[in-house]
Amino acid sequence: MAEESKWYVVHTYSGYENKVKANIEKIIENRGMHDLIDKVVVPLQDGIEMKNGRKKIVQRKVLPGYVLLKMVMNDDTWYVVRNTRGVTSFVGPGSKPVPLTEEEIAAMGIDGNVIPFDLNPGQLIKIIDGPFEGSIGNVEEVNHQKKSVRIKLSVFGRDTFVELDFHMLQKM
């Protein structure tokens with residue numbers, strides 16, 4: 001019976017996350033390791049940036065300096081990943097990689113899991129992270145695919161609509 005693949009985290013040089021991902025994917029292809037290393041992920045999140053007075057949606061790295069791998073851990077896979085250019089180490093005590101827990105995977109939404117969040121339009125919600133932290137608003141729309149919620153807030157006496165990720169919210 002084949003071993004089950006688990007999620008591991010590797011530390012990379014700053015700014016080398018995408019290069020490390022490409023290098024590992026190339027190694028998987030060249031050595032035929034598709035059955036041992038399933039996925040290589042650089043978690044990204046959409047953010048809004050102001051440029052020349054306009055809002056621009058940009059993708060930011062959720063974990064700068066880290067790459068996530070879903071793989072079967074054995075001597076071969078450890079050696080291949082550890083010796084990939086740009087990888088400094090696996091995350092874990094000493095040289096022993098520690099797999100992520102199911103809760104950590106779900107919180108990051110990296111395995112395509114939908115975070116269980118039963119929200120309905122009209123429901124009150126409290127924002128627990130970001131620039132609107134501590135604000136309370138009404139749910140206008142829920143997007144389970146993007147794992148986000150459109151909320152109506154009162155900012156300076158005016159209704160303002162913001163779209164936030166599930167992890168930034170707390171039900172009231």
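Worth knowing before you read on, the calculation uses all heavy atoms, side chains too, and leaves out hydrogens, waters and symmetry mates.
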Could you grab the distance from atom [atom1] of [X] to atom [atom2] of [Y], nearest 0.5 Å is fine?
X      : Y      : atom1 : atom2 : result
Met71  : Glu4   : CE    : CD    : 14.0 Å
Ile28  : Asp35  : CD1   : CG    : 10.5 Å
Ile37  : Lys70  : CD1   : NZ    : 13.5 Å
Ile125 : Leu164 : CD1   : CG    : 9.5 Å
Glu140 : Ile151 : CD    : CD1   : 9.5 Å

In the structure I gave you, are the side-chain heavy atoms of [X] and [Y] within less than 4.5 Å of one another anywhere?
X      : Y      : value
Asn138 : Leu124 : yes
Asn18  : Lys61  : yes
His34  : Glu29  : yes

Going by the rule side-chain contact (heavy atoms from CB on, under 4.5 Å), which residues pair with [X] if we only count those two or more places apart in sequence or in a different chain?
X     : value
Thr88 : His11, Tyr13
Pro97 : Tyr8, Met73, Trp78, Phe90
Arg31 : Ile27, Met33, Val80
Val91 : Val9, Tyr66

Verify same cluster id: [X], [Y] (apolar side-chain graph, 4.5 Å):
X      : Y      : result
Val98  : Tyr79  : no
Val149 : Val155 : yes
Phe156 : Phe132 : yes

Tell me every residue that passes side chain to side chain donor-acceptor pair (under 3.5 Å) with [X], counting only those two or more places apart in sequence or in another chain.
X     : answer
Asp38 : Ser5
Asn52 : none
Lys26 : none
Thr84 : none

### Message
Taking atom CG as the centre, does Asn83 end up with more than 12 heavy-atom neighbours from other residues, nucleotides or ligands that are less than 6.0 angstrom away?
### Response
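Counting neighbours around CG of Asn83, more than 12 heavy atoms of other residues, nucleotides or ligands fall under 6.0 Å, so yes.
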
### Message
With a 6.0 Å cut-off (strictly less than), is the heavy-atom count around CZ of Arg85, excluding the residue itself, greater than 12?
### Response
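It does not: Arg85 CZ has 12 such atoms or fewer within range.
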
### Query
Looking only at atom types and distance, does a side-chain atom of Thr12 sit under 3.5 Å from a main-chain N or O of Val87, one as donor and one as acceptor?
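Between the backbone of Val87 and the side chain of Thr12 there is no qualifying donor-acceptor contact (under 3.5 Å).
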
#### Entry: Main-chain N/O of Ile127 paired to Ser135 side chain as donor or acceptor, under 3.5 Å
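No: the side chain of Ser135 does not pair with the backbone of Ile127.
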
### Query
Between Val142 and Val139, which heavy-atom pair has the shortest distance, and what is it?
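Heavy atoms of Val142 and Val139 come nearest at CG2-CG1, 3.8 Å.
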
### Task
Apply side chain to side chain contact (heavy atoms under 4.5 Å, CB included) to Leu68 and Leu100, showing your working.
CA-CA 10 Å; Leu68 302 162; Leu100 294 174; 4.0 Å; yes

### Task
Under the salt bridge (charged side-chain N to carboxylate O under 4.0 Å, His left out) rule, collect the residues that match up with Glu141, sequence neighbours excluded.
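If we apply the salt bridge (charged side-chain N to carboxylate O under 4.0 Å, His left out) test to Glu141, skipping adjacent residues, there are no hits.
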
### Query
Who passes salt bridge (charged side-chain N to carboxylate O under 4.0 Å, His left out) against Glu25, sequence neighbours left out?
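Glu25 satisfies salt bridge (charged side-chain N to carboxylate O under 4.0 Å, His left out) with Lys21 once adjacent residues are dropped.
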
